[in-house]
Amino acid sequence: MSTATSGIDQTGAKAAAGKMSGLVSERQVEELDNVVIRFVGDSGDGMQLTGNEFSKAVGEAGHDFSTHPDYPSEIRAPTGTLFGVSGYQIQYSSRPVFTSGDAPDVLVVMNPAALKTNLPDLKRGGIIIANSGAFTEGNLAKAEYQSNPLEDGSLAGYQLFKIDIAEFTANALSNSGLSKKDVGRCKNYFALGVMLCLYNRPFDKEVSDIRKKFAKKPEFADANVTALTAGYAYAEATEMFATTYQMRASAATPGKYRSITGNSAAALGFVAAAELSGVPLFIGSYPITPATDILHDLSALKNYNVTTFQAEDEIAGMCSTIGAAYGGSLGLTTTSGPGMALKTEALGLAVMLELPLVIVNVQRGGPSTGLPTKSEQSDLLQAVYGRNGECPVPVIASYSPSDCFDCAIEAFRIAVKYMTPVILLTDGGIGNAAEPWLIPDVASLPKLAVKFRTEPEGFQPYARDENLARPWVKPGTPGMEHRIGGLEKDFFSGNISHNPLNHQRMVDVRAAKVAGIAKDIPPLEIHGPKSGDLVIVGWGSTYGSIAQAREKAEALGKSVAHVHLRHLNPMPADLGEILKRYKTVLVPELNLGQLSKLLREHYLLAVVQLNKVQGKPFMVADIYDRILELC
Amino acid sequence: MNSPNELADKIHSLTKKDFESDQDVRWCPGCGDYAVLAQVQKILPTLGIPRENFAFISGIGCSSRFPYYMETYGMHSIHGRAPAIASGLKLSRPELSVWVVTGDGDALAIGGNHFIHAMRRNIGLKIILLNNRIYGLTKGQYSPTSEIGKKTKSTPMGSIDRPFSPVAVALGAGATFVARAVDSDLKHMASVLERAAAHKGTAFVEILQNCVVFNDDAYGALSNKATRADAGVFLEHGKPLVFGKDRNKGIRLKGWEPELVTLGENGATEADLVMHDEKASNGGLAFFLSQLENPKFPVPLGVFRDLEEPAYEELNKAMAEGARVAKGPGDLGRLLSSGETWIIK
């Protein structure tokens with residue numbers, strides 16, 4: 001450790017003149033099979049970009065990975081403040097990765113505030129790479145440090161590497177002609193260069209990516225490449241790093257991969273649904289964190305069968321979607337917590353109209369504005385129950401970023417088959433996190449059969465098929481003019497009806513239609529023993545933590561299984577019987593026990609809760625510890 | 001499928017009756033809404049549009065029962081949201097003729113936001129607002145167009161809310177077509193509706209409509225044969241603002257204020273009067289007209305403004321076509337494997 005904290009200044013000059021090959025060759029290369037790195041800095045420091053680029057580089061090298069971006073809701077919080085810290089954590093491994101990792105092995109910190117807020121998470125003895133130039137008196141004060149932790153010995157328990165990233169970047173770019181401010185913006189690429197070298201990641205690929213990314217601003221492309229090169233060269237030349245790290249590629253399924261976030265995967269899934277059904281996609285949405293990226297992605301795909309509409313508010317997002325679905329499009333609206341509340345009234349209308357559309361709720365911390373950039377699973381009961389009247393809506397949830405693709409298609413499959421709005425729940429964690437995605441073959445995707453009724457003979461707007469779905473008729477179809485609306489309707493004709501028995505019949509049939517979807521849900525997959533001491537029931541983004549905790553417990557000889565629900569309303573038909581085969585049912589959720597309530601209500605079971613509402617995902621240890629307490 | 005000739009015949013043979021649904025009309029006897037329904041049913045067959053291509057979308061309120069009585073596609077939706085629903089329909093199906101029927105509460109109170117944004121975008125909707133200056137379906141509360149001091153069940157001591165003019169709101173929102181008619185003048189109403197139907201983009205028509213039960217005679221002066229010529233002024237493009245039983249009254253500008261004059265008195269001639277120009281690119285004149293109210297001034301009736309601007313759905317379509325030209329038609333396989341990819345063997 002003592003060598004790590006010295007000799008920086010001497011090597012700096014060498015690095016600036018750095019060649020890309022072997023100035024220092026006697027360093028050790030340590031083989032890792034798993035590493036967790038967290039990049040943290042001011043929200044303007046570009047840590048999300050650095051993290052993203054690094055995750056791409058490890059994916060390209062054939063590692064499995066999972067990321068967790070963690071950023072404040074302020075776009076540019078005052079620099080150097082504790083609440084302005086933005087982070088990006090990645091876990092990558094030669095084995096399958098389920099989560100972004102509990103405690104980081106490495107912290108890359110761009111200022112004192114980043115160190116202060118993240119040090120408690122770092123593993124004992126972990127690596128700190130600190131942008132030492134930012135540890136000024138002013139920044140130390142903003143981070144409420146009495147003395148400089150880089151100098152006062154308080155980090156003795158860690159491997160500390162001090163690099164004046166800002167200074168080195170400025171030196172490297174002294175002849176670039178860029179303003180001081182623009183030069184400052186390149187320091188994240190210097191940091192990335194250091195990390196690529198330290199973790200033996202390909203360098204040339206990143207250079208070409210930068211050129212592509214900044215194709216329209218060649219002066220920035222040059223500057224960023226120079227900063228990256230300087231960082232890489234510095235790390236290669238400096239004697240500070242006695243060890244670099246490498247990892248075997250993971251034994252992933254062969255095929256073509258890309259890195260994908262949940263929001264992007266959802267967007268692709270919706271385009272796929274349109275292509276697979278031959279029905280145009282319409283998205284009417286209002287920007288809201290953390291859901292907006294779905295609207296962004298689709299807005300760039302107008303050459304597909306996609307219409308995007310940024311509505312005047314959340315309500316109009318939902319209502320325009322209803323109008324488009326009425327017109328014969330796949331209607332889609334995307335939102336988060338408070339936006340979902342605003343859409344509720346119109347969602348009730350969609351239930352009455354029995355039109356196929358999908359509402360995506362990328363959940364965030366609530367209630368009200370809550371924690372816009374943090375994730376939570378606290379909108380489940382709202383999704384299942386939160387409307388006036390007896391108002392059943394199918395609800396499904398994605399368990400990972402890439403699963404959002406499949407869930408997008410599944411949501412529309414249910415919507416068009418049963419003529420119903422469908423809620424798809426993801427969360428901020430899934431929406432923004434990235435993982436490698438095995439790109440599916442288009443031919444392997446399910447077909448979505450959509451039939452518009454055009455036959456006027458015997459037409460009744462609310463006559464139902466074997467799935468209790470009413471016909472979908474596009475305005476413009478001759479001879480089938482009819483009216484629909486939010487007032488209760490006659491069982492067949494759809495005309496207004498206040499008949500008491502008709503209302504009973506309509507309420508019953510709407511409920512039966514949604515309940516009937518249970519027969520259309522594939523059997524649940526059980527990870528672990530088919531019966532035994534403990535079954536963990538999860539839904540949504542907790543999948544990774546549960547899966548990893550379960551594997552760890554199983555390795556210890558524990559009889560513990562895991563069932564993860566994609567379909568939350570209705571519940572899968574086989575769930576009740578499965579739960580009875582275990583002595584204990586544990587339900588970990590990022591809320592105060594919403595799925596637990598549903599399970600108790602449905603199956604009259606005793607359920608053990610594990611709840612966390614801190615705006616953060618479960619750590620594997622949270623769940624693992626609970627498992628050990630229970631069996 | 002009809003051949004073009006068959007289609008043309010089918011359209012030409014449409015009559016008012018073809019647009020009457022089999023549902024019993026359930027407005028109060030004497031309600032002004034009947035007149036509007038009849039005029040709409042009368043002009044639709046003349047527009048050269050197949051019946052199946054009409055869609056009527058409404059919100060909540062007495063006026064919003066309208067779609068049930070039209071033998072077209074229709075939706076009776078939720079309070080205030082009709083313009084948003086209709087926007088989604090029109091964007092997804094630009095070939096349809098999409099009409100919104102709304103009221104003063106529906107469009108201006110709960111649905112104000114959707115109302116102004118539809119007009120801001122100039123999306124191809126025909127919006128008919130039946131303004132009776134009262135909440136009828138909830139049995140008589142004041143509305144955003146009720147006059148100050150109005151005594152209703154929710155304002156037993158008189159309303160202290162300042163009303164606004166739907167026409168002024170529409171103009172403020174940038175509507176490219178803004179007109180007004182009164183339920184008692186069927187012929188004029190029909191001519192205004194025809195103009196609205198022909199307009200590209202959002203066409204907004206306010207119809208002053210009498211509620212016989214909760215706000216009877218709100219437009220008495222405009223409807224009464226004896227007073228109506230003095231209570232209203234018909235707007236005609238390129239013509240001066242002349243009105244009155246004897247066609248001898250006019251409105252001229254005194255600074256920025258309107259002034260009522262009698263032609264021939266104090267040297268006032270037609271040349272002094274405000275000349276109507278519905279095509280003026282500056283909205284000043286139209287807004288000036290929207291401020292004229294009884295009893296001090298005659299109520300302007302007719303087309304306030306009629307501008308030719310690209311419709312939102314056209315721009316949207318052009319953008320999609322542009323994207324297809326620039327990027328080629330969508331290819332799902334290519335899309336899924338776009339971006340940074342890598343192969344694992």
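Within every chain, numbering begins at 1; the chains are lettered A, B, ... in the order of the sequence lines, protein sequences first and strands thereafter.
Using a 4.5 Å cut-off between heavy atoms, A:F282 touches chain B through its side chain atoms alone. Using a 4.5 Å cut-off between heavy atoms, B:Y312 contacts chain A through its side chain alone, with no backbone atom that close. With a 4.5 angstrom heavy-atom cutoff, A:E275 touches chain B only via side-chain atoms. With a 4.5 angstrom heavy-atom cutoff, A:L445 touches chain B only via side-chain atoms. B:I57 touches chain A through its side chain: at least one heavy atom from C-beta onward sits under 4.5 Å away, while N, CA, C and O do not. For B:N113, the parts sitting under 4.5 Å from any heavy atom of chain A are the backbone and the side chain alike. Within the 4.5 angstrom heavy-atom criterion, atoms from both the backbone and the side chain of A:K474 approach chain B. Using a 4.5 Å cut-off between heavy atoms, B:E71 contacts chain A through both its backbone and its side chain. Residue B:R51 touches chain A through both its backbone and its side chain, counting heavy-atom pairs closer than 4.5 Å. Only the side chain of A:L353 has a heavy atom closer than 4.5 Å to any heavy atom of chain B.
Atom NZ of A:K447 is surrounded by more than 12 heavy atoms from other residues, nucleotides or ligands within 6.0 Å. More than 12 heavy atoms of other residues, nucleotides or ligands lie within 6.0 Å of CG in B:D22, so this atom counts as buried by the packing criterion. Applying the 6.0 Å contact sphere to CZ of B:R26 captures no more than 12 heavy atoms from other residues, nucleotides or ligands. Within a 6.0 Å sphere centred on NZ of B:K42, other residues, nucleotides and ligands contribute 12 heavy atoms or fewer. Atom CZ of A:R248 is surrounded by 12 or fewer heavy atoms from other residues, nucleotides or ligands within 6.0 Å.
Looking at A:T307 and B:E313, their side chains never come closer than 4.5 Å, going by heavy atoms from C-beta outward. Inter-residue side-chain proximity for B:H114 and A:I315 is flagged as met; some heavy-atom pair is nearer than 4.5 Å.
Interface remark: of the candidates B:K327, B:M70, B:M319, B:K327 forms the most heavy-atom pairs closer than 4.5 Å to chain A. Interface check for chain B: of the options A:M318, A:K302, A:R483, the most heavy-atom pairs under 4.5 Å are formed by A:R483. Residue with the most contacts toward chain A among B:L96, B:I343, B:L332: B:L332 (heavy-atom pairs, distance under 4.5 Å). Annotation: maximal heavy-atom pairing with chain B below 4.5 Å, among A:P254, A:P280, A:G479, A:G476, occurs at A:G476. Heavy-atom pairs under 4.5 Å with chain A were tallied for B:G322, B:A326, B:A55, B:S337; the largest tally goes to B:S337. Highest contact tally toward chain B, considering only A:N303, A:N305, A:I439, is held by A:N303 [criterion: heavy-atom pairs under 4.5 Å]. No other option in B:P67, B:S58, B:S87 has as many heavy-atom pairs under 4.5 Å with chain A as B:P67. When each of A:C319, A:G485, A:S329 is scored by its heavy-atom pairs under 4.5 Å with chain B, the top score falls to A:C319. By number of non-hydrogen pairs under 4.5 angstrom with chain B, the leading residue of A:A272, A:G486, A:G255 is A:G255. The candidate with the highest count of non-hydrogen atom pairs below 4.5 Å against chain A, out of B:S338, B:P83, B:G80, B:A320, is B:S338. For the options A:I484, A:V442, A:T454, A:V473, heavy-atom pairs under 4.5 Å to chain B are most numerous at A:I484.
Between atom NE2 of residue B:H76 and atom CE of residue A:M352 there is a gap of 11.0 Å, rounded to the nearest 0.5 Å. Summarising the geometry, atom CD1 belonging to A:I496 is positioned 4.5 Å from atom CZ belonging to B:R65; distances are rounded to the nearest 0.5 Å. Interatomic distance, OG1 of B:T341 versus CZ of A:R258, reported as 8.5 Å (0.5 Å rounding). Considering CD1 of A:I322 and CE of B:M75, their distance stands at 7.0 Å, rounded to 0.5 Å. A distance of 9.0 Å separates CG in B:N53 from CD in A:E481, rounded to the nearest 0.5 Å. We find the CD-OG distance between B:E340 and A:S55 to be 10.5 Å, quoted to the nearest 0.5 Å.
Residues B:S77 and A:L349 come closest through the heavy atom pair CB-CD2, 3.7 Å. For B:D331 against A:Y304, the heavy-atom pair with the smallest separation is O-OH, 2.9 Å. In terms of heavy-atom proximity, A:P478 sits nearest to B:E52 at CG-OE2, 3.6 Å. In this structure, B:W342 and A:P436 approach most closely via the heavy-atom pair CZ2-CB, 3.7 Å. In this structure, A:G323 and B:S92 approach most closely via the heavy-atom pair O-OG, 4.4 Å. When all heavy atoms are compared, the tightest approach of B:I78 to A:A346 is CD1-CA, 3.5 Å.
Taking a cutoff of 4.0 Å between a charged side-chain nitrogen and a carboxylate oxygen, A:E312 and B:R120 do not qualify as a salt bridge.
Between A:Y326 and B:Y73, the two ring planes are perpendicular [angle over 60°; tilted spans 30° to 60°].
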Could you please spell out the steps behind the side chain to side chain contact (heavy atoms under 4.5 Å, CB included) verdict for B:I123 and A:F309? CA-CA 12 Å; B:I123 187 164; A:F309 178 62; 5.7 Å; no
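Of the possible polar contacts, one joining the B:R93 side chain to the A:G327 backbone as a donor-acceptor pair under 3.5 Å is found.
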